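Note that this is a predicted model, so its numbers are computed, not measured.
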Amino acid sequence: MTPYIYILSIELVSQVNWTPIMSNSIDYMEMSLLETLLRDISFFLKFSSSENINSEPVQKYYQGAEEILKVLKPIILNAIFDSEITSDEVLSKAFEELGVSVEELLQQFERWQPLSSKAYFVLQVESLISEIRNSCLDIFRVLKSSHQHLPYELSSASLELHLQKIKHVGYEQTSTVIKEAKRDQVGNFGPSSEILLRIAESLSLNSNMEILIEAVALEKLKENTAQAKKVAEVECIDQLIALITHMHHCLFLIKQSQTCSSVPIPLDFICPLSLELMTDPVIVASGQTYERAFIKKWFDLGLTVCPKTRQTLVHTSLIPNYTTKALIVNWCESNNVKLPDLVESTLNQVYPPCATKVKKLVEDLKSTSNNVKLPDLVESTLNQVYPPRATKVKKLVEDLKSTSNNVKLPDLVESTLNQVYPPCATKVKKLVEDLKSTSTYTQRVATAELRLLSKQNRDNRIIIANCGAISLLVDLLHSPDTKTQENAVTTLLNLSNIDNNKKAIVDANAIEPLIHVLQTGSPVAKENSAATLFSLSIFEINKARIGRSGAIRPLVDLLGNGTPRGKKDAAAALFNLSLFHENKAQIVQADAVRYLVKLLDPAAGMVDKAVAVLASLATTFEGRTAIGQEGGIPLLVEVVELGSARGKANATAALLQLCTNSSRFCIMVLQEGAVPPLVALSQSGTQRAKEKAQALLSYFQRHYRIF
């Protein structure tokens, strides 16, 4: 051991109060690990009283995990505190893995909300419960095979009993079925209706409304995940969204096949939420029409997006759609179709728990009078029928009472519709035609208008793309007029926020023109070109295409010489591109590491973005060499000590690559005083940071014996 390493190890032990590992004692780290594990298990078991886990499928997963942890907590962990066996390396590793899984499982249940994605929750939780189950089995097997003296609670017979208990805990396999269905989506036919219905049942997606709520939850999750630059998770969520879309379509076809009428119901007469013929249609702020009771239920749940368009609604007011209602009545009369009983059909789907009893009540009322119009007897009886739902159902009855069969069609309807859903498409078509003009001024005005419209909302972005604007905007990226070019690239950036538009932009051969803007455009145009390339590179197939098209060097030039915003956009794009291995060498060869190391200065305001790219590049020989040559090691150590949570995790990941692949770099990292901040991070960082820090400290211990 060199004198420097020896002194460092003495100082470290004194700072963190580590006790050397001895055969007959539990060391500080092991004791702390067990205490943390017991605490997390105790917290988890207290969740049984939480209202959040009372719904399915959350409850069944909680009960499965609870059953395993209840076996483990009192009998094994409490006894082990008095045992010498925790010095066993295999057992310590099993406890460590168990602790990580329990902590992550606890976080999953803490984050769960009624409007969270059930599919994503199940994929995460099933994996964690499986890991916990396997860790517990490993612990029991190690204890059972141990030759050391164990407390009575850990006798061989007792261990075998608990081993069998855990083996027989119910084990859900929904995630396996979901993964199979995701694979089937790649083929021509997609998952079968039987598989989709099986998944829907497992996830407790019992109605079309619940399927649409799941779709909204997944889209929100995707948006948050994309902002966090978690590309692999975004792709997984995309696949889940496609799966739920298949499920919705499957349910629609089943509903259509179950209709009593031999005449197909016009799609405009079917409520997108209930998939039933509407009896009281109303218009929401997006211009879509729904059955009143169902859209009110949607709003009551706290959802403020249109179920069909996913547009955020500016208000939740409901406007009666007299026109559609009259058309439905006329259609029913012409085709001899009985209009559904509004009370029964609505209650049955919106409030299923009380539907049977209320339907029976309605039947009783009908049998006592031929002219029953929802008398007050209904309201007075509701509290006796189903008290927890009484208030909501009473409100529903009030709404039904306000419905009149003597419908008039005032001229107000058309004027109201134009206010609720302005006819944007006509305006966009005119602007798209103007893009074809030979007048520079006309093109500049049209691109400016489209830039503004595309920024406003998702609906506008869909309309602009559908009107054929994308290919024309791509052509204008070569416009000699600086403002037209800037407007065109900014509009494409806004349009790329929708996945279908991403594909359309790439299919319009936009990558080379975007690179042209990177090289020749105004500062704002360069920023937005880099941001567009970042947006397009979220899809794996585009990472290779963009890298092979020559985008990397101009992105690196922008990283080194652009505006502050341009540098951030370039760093984000380079990070995405670096996730495709072939691009990493190009990024290093373009001298990106020199600029990235400079951006580790907190004054630049880009530490997190720069260190994320460096961590990715550090997985290659060329990247590690460049980081060392450019003086990046001291700055990475500084980020581990003083950076943000994300910065610390990425800096540690980069140092782990540097140290485990080069003894020279490893010595440099140690000389920079990396051990104390790594020790602190291994105990209090994010889960990823802890894992990386622990791996690096273990490497130091094995190869340099610093502890």
Neighbour count >12 (heavy atoms, 6.0 Å) for atom NZ, K648: yes
Gap separating the CG atom of D608 from the OG atom of S644, nearest 0.5 angstrom: 3.0 Å
Pairing residues for A651 by the side-chain contact (heavy atoms from CB on, under 4.5 Å) criterion, not counting sequence neighbours: V611, L636, V639, V640
So, the side chain of E126 versus the backbone of S175: is there a donor-acceptor pair under 3.5 Å, distance only? yes
Residue that, paired with E160, satisfies salt bridge (Lys or Arg N to Asp or Glu O under 4.0 Å) out of K165, K144, K167: K144
Aromatic plane relationship, Y62 with F44 - under 30° parallel, 30 to 60° tilted, over 60° perpendicular: parallel
Distance-only, no hydrogens or angles: does the S116 side chain make a donor-acceptor pair with backbone N or O of W112 under 3.5 Å? no
E214 side-chain N/O to K118 backbone N/O, donor-acceptor pair under 3.5 Å: yes
Quick one: salt bridge (charged side-chain N to carboxylate O under 4.0 Å, His left out) partners of E219, sequence neighbours excluded? R310
I'd like to know if R198 pairs up with E180 as an ion pair, taking the criterion as any Lys NZ or Arg NE/NH1/NH2 lying under 4.0 Å from an Asp or Glu carboxylate oxygen. no
Are any side-chain N or O atoms of T619 and backbone N or O atoms of A615, one a donor and one an acceptor, separated by less than 3.5 Å? no
One thing to verify: whether E540 and K543 come together as a salt bridge, which I'm taking to mean a side-chain N less than 4.0 angstrom from a carboxylate O. yes
What distance do K692 atom NZ and S682 atom OG have between them, rounded to the nearest 0.5 Å? 14.5 Å
